[in-house]
J.: 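Have a look at the structure that comes next, please.
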2 protein chains.
Amino acid sequence: MIINQQKNGLIICRILPNSDLKVKCVTEKSEDKIKEAARRIFLKKGFDGTTSRDIAREADMNIALTNYYFRSKEKLFLEIFKDILELYFQNMVSILNKPVDIKTKISDMIENDFKMMNEEPDLVIFIMNEIHKEPERLFPDLTFFKQIRSTLFCKQLNEGIANGTLRQVHIENIIPLIKSCVEFIFLGKHIHKKIYGMSEEEFNRYAQEQKEHVKAMICNYLILEG
Amino acid sequence: MIINQQKNGLIICRILPNSDLKVKCVTEKSEDKIKEAARRIFLKKGFDGTTSRDIAREADMNIALTNYYFRSKEKLFLEIFKDILELYFQNMVSILNKPVDIKTKISDMIENDFKMMNEEPDLVIFIMNEIHKEPERLFPDLTFFKQIRSTLFCKQLNEGIANGTLRQVHIENIIPLIKSCVEFIFLGKHIHKKIYGMSEEEFNRYAQEQKEHVKAMICNYLILEG
DNA sequence: ATTAATTTTAAATAGTTGTTTAAATTAATT
DNA sequence: AATTAATTTAAACAACTATTTAAAATTAAT
């Protein structure tokens, strides 16, 4: 048997005519295929805009399988939503805990947000919109939220305030300052392009500019000179 | 006839028994009732989450009337969406044109955003989400967008940059800085309350704090000290 | 007062929604 | 190889969707 690994992840097995080998194609589990397809569609269209048939079509699966594996559209959504929320926050918390100085950390946070908004442009508006529409159903026992208050960043902030190198700002004030300025222009990407007459390339340049302004502005404000 | 104007806008007319006067009760036009009801529901649930029956129920009108007056749910939505976009932008442009110094104007912008987010908490997330989902259908001939580039604020910014009192920042960079920090914490109001364990009152205090930080931070950055 | 136009109504349209069924197929276990 | 379990299928379900119809009720015009 000759095996050629291909670029796109497929494995092609050429079996000799007189071989008694059998090939078991271990394809992705149906459950996972559905969940990934649903994630894509939910992110793009939101819960209300997504139909069971949209998901089945995207996953290339029979319409009944969503309910076979996940019991209902709602249950599937809640599973996916929890994953997305955890991803979003774990990412943030792990940067807040990095052993670097506070200026670098602010820069890292902003760079990370910038990267995320480019790679997953639907993610933040999706989270915000779904929570805004129905705040209660989407917060089960997500205790990992409280982690932020015990991150290294929080400790660094308090120390800096204590020894007079940082301005007296609460953690809940400074983090939104860091996150909002970059995320906002991506949240309203189409509006901004329209208002200021920017092409895709021009927007990208503009977003880069904005990123640097935000870094400078926040550090200017937070870090006290002499 | 004795007329008493009431607090809630109702007018009560008491007609004397032997009077030959007739009272014509000019109630709100059905078309307007539907549009206003639709506006409320669309803002709360979004286009996909709103059904024709939701609108009819909210307006207390027959289900067929929406299509009688507006031809379709889509047409009604587009009309309302255009109104909302214009309201949002005209409000902003009129502040940008106010004959006050740039520091006051930044403060006014932030105060206005703060007020708006409190009074119409669904407005900004609604605009962003609907445009994000379907950018093309929602921009017909909205040329009023370009107004921003010719506001007094823009002129003041360029003058300040020219005479060295202001940092060299493009208009498209500074306006999102002003708007994002306040709007963002309201966009994610429920998330922020959850993360930092805030009650409604605590959130309001926190939002006030944030507002003042943002004012100071932006002015610090933009306005260069002698 | 009669006619014409407008507005409102209940009912029906055809299509879509999330979900279920029961049979068919495949895989795992004995 | 036979039996059991797990997966997949096509078809159906009732409820709901946006929209239309045609008749009724109301208002305006003559």
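The chains referred to below are lettered A, B, ... by the order of the sequence lines, with proteins before strands, and numbering in each begins at 1.
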J.: Take the protein atom CG of Asp54(B) and the nucleotide atom P of dC16(D), then report the distance between them rounded to whole Å.
T.: 12 Å

J.: Rounded to the nearest angstrom, tell me the gap between atom NZ in Lys29(A) and atom P in dA6(D).
T.: 13 Å

J.: Quick one: is dT8(C) close enough that its OP1 or OP2 comes under 4.0 Å of any side-chain N or O from Ser30(B)?
T.: yes

J.: Is it the case that over 12 heavy atoms from other parts of the model lie below 6.0 angstrom from the NZ atom of Lys193(B)?
T.: yes

J.: Output yes when at least one side-chain N/O atom of Tyr68(A) is less than 4.0 Å from OP1 or OP2 of dT7(D), else no.
T.: yes

J.: Which residue, Glu31(B) or Thr51(A), contacts DNA chain C at a nucleotide closer to its 5' end, judged by nearest heavy atom?
T.: Glu31(B)

J.: Nearest-Å distance, CD (Glu28(B)) to P (dT8(C))?
T.: 12 Å

J.: In this structure, how many angstroms lie between the C1' atom of dT19(D) and the CG atom of Leu65(B), rounded?
T.: 13 Å

J.: Let me know, please, whether Arg53(A) or Asp60(A) comes out on the 5' side of the other along DNA chain D by nearest nucleotide.
T.: Asp60(A)

J.: Can the positive tip of Lys73(A) be found less than 6.0 Å from the middle of the six-membered ring of Phe47(A), inside 45° of the ring normal?
T.: yes

J.: For Asn67(B) and dT7(C), give me the distance from atom CG to atom P, rounded to whole Å.
T.: 16 Å

J.: Just how far, in rounded Å, is P of dC13(D) from CD1 of Ile63(A)?
T.: 17 Å

J.: Is the shortest side-chain N/O distance from Asn62(B) to OP1 or OP2 of dA10(C) below 4.0 Å?
T.: yes

J.: Looking across every strand, which nucleic acid part, if any, lies under 4.0 Å from Phe70(B) by heavy atom: base, sugar-phosphate, or nothing?
T.: nothing

J.: Can you name the one residue among Lys194(B), His190(B), Lys189(B) that meets side-chain contact (heavy atoms from CB on, under 4.5 Å) with Ile131(A)?
T.: His190(B)

J.: Is the charged tip of Lys211(B) near the ring of Phe114(B): under 6.0 Å from the six-membered ring centre and within 45° of its axis?
T.: yes

J.: Classify the ring geometry between Tyr206(A) and Tyr196(A) as parallel (under 30°), tilted (30 to 60°) or perpendicular (over 60°).
T.: tilted

J.: Counting only side-chain heavy atoms from C-beta out, which of dT9(C), dT20(C), dT19(C) sits nearest to Ala64(B)?
T.: dT9(C)

J.: Scan Ser72(A) against the nucleic acid and name what it touches under 4.0 Å (heavy atoms): base, sugar-phosphate only, or nothing.
T.: sugar-phosphate

J.: Just how far, in rounded Å, is C1' of dC16(D) from NZ of Lys45(B)?
T.: 14 Å

J.: For Asp48(B) and dG18(C), give me the distance from atom CG to atom P, rounded to whole Å.
T.: 12 Å

